[in-house]
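Bear in mind the structure is a predicted one, so any value in this text is a computation, not a measurement. When a ligand or atom number is given, it counts from 1 through the structure's own listing order.
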Amino acid sequence: MSATLRFTVVSEAFKKRPIEVPAPAERPSEFFAKYVFNREKMHKYLPADVFHKMMDVMDGNATLDLATADTVAESMKRWAMSLGVTHITHWFQPLTEGTAEKHDGFVEHDGKGGMVEEFTGKQLVQQEPDASSFPSGGIRSTFEARGYSAWDPASPVFVIGDTLMIPTVFIAYTGEALDYKAPLKKALHAVDKAATEVAQLFYPDVRKVISNLGWEQEYFLVDESLYVARPDLLMTGRTLMGHDSAKNQQMDDHYFGSIPERVAAFMRDLEIQALELGIPCKTRHNEVAPNQFELAPIFEETNLAVDHNMLMMMLMRKVARKHGFRCLLHEKPFAGVNGSGKHNNWSLSTDTGILLHGPGKTQLDNLRFITFIVETLMAVWKHNGLLKASIVSATNAHRLGANEAPPAIISSFLGKQLSDVLEHLEQTTDDEIALAGKHEMHLDIPQIPELLIDNTDRNRTSPFAFTGNRFEFRAVGSEANCASAMIALNAAVAEALMDFKVRVDALMAAGMEKTKAILKVVREDIRTCKPIHFDGNGYSEEWKQEAARRGLDTEGSCPLVIDRYLDETSIQMFRKTHVFERAELEARNEIKWETYTKKIQIEARIFGDLCLNHIIPVATRYQSALIDNVHKTSQIFPKDVADSLSNKNINLIQQIAGHTTFITENVAKLIEARKVANRIESEREKAIAYHDTVAPLIEAIRYHVDKLELIVDDEIWPLPKYREMLFIR
Ligand code: ADP
Ligand code: MG
């Protein structure tokens, strides 16, 4: 972009006004889930017997037969056509991180030369998208292209525009999962089964345990015209160059600050649309970095919450464009300011209450609380490397381990009260567990009521923190599909609970009384999983060393962290819980390494191009202007005057020469490093090469580009700067 164009674009961006978002005529409770074929709509549109059948299917107590599917499809069609729908699509979550869809019209030949609107049970239940161009890690070679998508009745269909969207799993012809949803459903089934059996030790009536997820989505907004003027942002989702703005987040004035009008209009629009699609939005606020925000709905059953998060990310991108913004979901769009995460608040509950909720009214409640806490910790301890593997990516790597986000070592924060309880239990042999309840805090401020304080304090540096009635898995990246983390966590917890149950059963079979048996196993486990418990500062250097001493996984290189999926403990765990077979894990790892490589490869290409075609020419032009000035000065003034006048410029000319030389030489090295890496056959080795040789060069060169940005005349600098992109309203 030319310099004049940059100024026009920036000034236009600053002048933009908020788009009016008319207030909805109805209250949220009335338009909530307007575009969702949920239980309420089913009740209205389905014959009574089919409705009851569907309820059983949705609750996981029956499978869908084709006759039922036909009736359901017919009713869905009637409902959807009343909303102007003409197409259907199976909506699935391939391993590329986003969602995919293939649209088909409702139309069929009527046999008389005309058309009828048709939508059959078969179309609802199953499609066969050509799967050859989705990553499969070699499970399905391109000539064997059949993959199936199959409706997940636990996640209701919904309407966007003229299309009926059907959430589906995506599997290979040979049965292996090619997506996130299929294994997630298996992991949720495993944790339901294992947790129900353990919960029945305490409450024999429990029939079902539900895994809950409440995600908190962080994101940045950038004015669209500035976004398109940054090829790096456009192609990679992050700025590959750009000097810190003089002011960024050091004043802490953005967090919880008042929301700018243009952003507020966007948020209102987004929330209305999300509520209409049945996403229970609740919280919104500014985040730490300038132009960074957060959105969080009320927690839901994990499978549905994951779908809603995928849908929400799609909506955010769409609605942002309507408001003249681009929504950046990348974990680190700007260096020097905080990146974005997606805290995953996770808990287990029965039809009667939350299992991680404590302390309870009775001794048994308290023991149940402790059991589920300790077994979760056992899972996190045993699989800490795997849990990290479930959240690493080329993009999240910029955020993890920096002093703003969870460290690259998984540990768990429990807070003072819970830590005391566990310690007490471990050190005593009593059979009594007494836990203090919530205590009241007297504020002594007139007219302000007494507050109930939570039993837990907060620790922002912990990647897996207990927060009163749930664990908050904070290491998840903003762009990620939450399913990845939720598969690993729920499956690992299922395994820990299965293992717990086996040991308790054995003690009881040997004649030990139930409570004593549970306490004995819990005590053992408190001792075993102790290394995972850490309430201190996760950012500190000492912790890194201490964690290594404790045997926790401290690996920081993304391609190597991915190896944890193929550890024997991981393979056994996924097999026991029926989530993945070894071959699937191997294939999925191939995809992960390949994705890592491609991301860095694209960054390296764009970066090299920007350096050679944007930065070097502009820096050289400014350098020539300075040389020209020095030259003319020497012609006009006597030598001693000219020398003193030109001192500063000569120094600048030399600095520019230093930076441009470094950039030119190292971009050549960058290209060479890529070539060498590209020749490597193994996806794993290639990803390692990209991590070790290509990525560091980008960072090293960037330093010099950012220095040039400070030197070169602002009037000819070709790219919108941080201060322009980050403070736009
Ligand atoms: P924070 O104080 O952590 O920023 P937020 O209000 O932004 O909290 O988000 C907390 C999220 O945790 C919400 O989605 C909320 O519904 C969810 N949540 C609350 N209780 C539970 C629970 N028991 N299990 C899972 N998620 C929960
Ligand atoms: Mg939070």
Side-chain angles (χ1 to χ4, degrees), residues 28 32 184 187-188 191-192 195 199 208-219 254-257 259 267 270-271 274-275 278-289 292-313 316 338-360 365 368-369 372-373 376 380 404-406 412-415 418 438 451-476 478 480 482-483 485-486 489-490 493:
F32 181 71
L184 176 65
L188 295 175
V191 83
D192 169 15
K208 191 169 177 53
V209 170
I210 299 155
S211 160
N212 304 298
L213 166 63
W215 43 264
E216 304 165 49
Q217 179 74 52
E218 294 182 340
Y219 62 99
H254 187 65
Y255 194 55
F256 285 177
I259 298 172
M267 287 178 169
L270 177 65
E271 281 170 19
L275 287 165
I279 307 173
C281 297
K282 188 173 166 77
T283 308
R284 60 177 177 203
H285 58 77
N286 288 358
E287 260 305 324
V288 176
Q292 191 189 28
F293 309 93
E294 180 185 296
L295 178 152
I298 302 169
F299 70 92
E300 298 176 284
E301 184 278 321
T302 297
N303 176 41
L304 187 61
V306 167
D307 283 0
H308 278 169
N309 181 248
M310 298 308 285
L311 181 55
M312 180 57 98
M313 291 197 284
M316 290 168 88
N338 274 15
S340 302
K342 179 151 53 195
H343 295 177
N344 276 205
N345 294 271
W346 171 89
S347 68
L348 294 175
S349 60
T350 64
D351 22 1
T352 52
I354 290 174
L355 291 170
L356 297 174
H357 202 289
D365 284 339
R368 173 268 306 155
F369 170 63
F372 279 91
I373 294 287
T376 303
V380 178
E404 47 154 296
S412 188
F413 169 86
L414 298 177
L418 188 52
K438 290 199 171 190
L451 301 181
L452 281 176
I453 56 161
D454 237 339
N455 285 322
T456 55
D457 9 314
R458 290 288 178 133
N459 178 335
R460 276 179 18 93
T461 72
S462 176
F464 197 83
F466 181 67
T467 52
N469 59 358
R470 60 188 187 270
F471 281 95
E472 195 169 330
F473 192 8
R474 298 191 177 127
V476 184
S478 52
C482 303
M486 288 296 111
L489 177 61
N490 285 287
V493 171

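With ligand atoms numbered from 1 in the order given, ligand 1 contributes 7 (O) to contacts under 4.0 Å with heavy atoms of Glu294. Of all the atoms in ligand 1, the ones that sit under 4.0 Å from a non-hydrogen atom of Gly214 are 14 (O), 26 (N). Heavy-atom proximity to Glu472, at under 4.0 Å, picks out these atoms of ligand 1: 3 (O). Within the listing of ligand 1, atoms 16 (O) sit less than 4.0 angstrom from a heavy atom of Ile298. For ligand 1 and Asn469, the ligand atoms under 4.0 Å from any heavy atom of the residue are 20 (N), 23 (N).
Using a cut-off of 4.0 Å between Lys/Arg side-chain N and Asp/Glu carboxylate O, Lys208 and Asp192 are scored as salt-bridged.
No part of His343 comes within 4.0 Å of ligand 1, judged by heavy-atom distances. Of the heavy atoms in Ser349, none comes closer than 4.0 Å to ligand 1. Residue-level proximity to ligand 1 for Lys282 is absent, since no heavy atom of it falls below 4.0 angstrom.
Between Asn212 and ligand 1, no pair of N/O atoms sits closer than 3.5 Å. Any N or O atom pair closer than 3.5 Å counts here, and Glu216 shares at least one such pair with ligand 1. The shortest N or O to N or O distance between Phe299 and ligand 1 is below 3.5 Å. Considering backbone and side-chain N/O of Pro297, one or more are found under 3.5 Å from N/O of ligand 1.
Residue Trp346 is tested with Thr376, Thr302, Asn212, Asn490 for a side-chain hydrogen bond (donor to acceptor under 3.5 Å, both in side chains); the sole match is Asn490. Just one residue in the list Met486, Glu300, Lys342 forms a side-chain contact (heavy atoms from CB on, under 4.5 Å) with Trp215, and that residue is Lys342.
Side-chain atoms of Asn309 and Gln217 form a donor-acceptor pair, as typed in the model, at a separation below 3.5 Å. Residues Ser211 and Glu301 bring no donor and acceptor atom of their side chains to less than 3.5 Å of each other.
Taking CZ of Arg284 as the reference point, atom CE of Met267 lies at 6.5 Å (rounded to 0.5 Å). Separation of atoms OG1 (Thr283) and CD (Glu216) is listed at 8.0 Å; rounding is to 0.5 Å. Note that NE2 of His343 and CZ of Arg470 are 11.0 Å apart. Values are rounded to the nearest 0.5 Å.
By the 30° and 60° cut-offs, the orientation of the rings of Phe473 relative to Phe464 is perpendicular.
Which of Leu348, Thr283, Asn344, Thr467 comes nearest to atom 6 (O) of ligand 1 through a heavy atom is settled by distance: it is Thr283.
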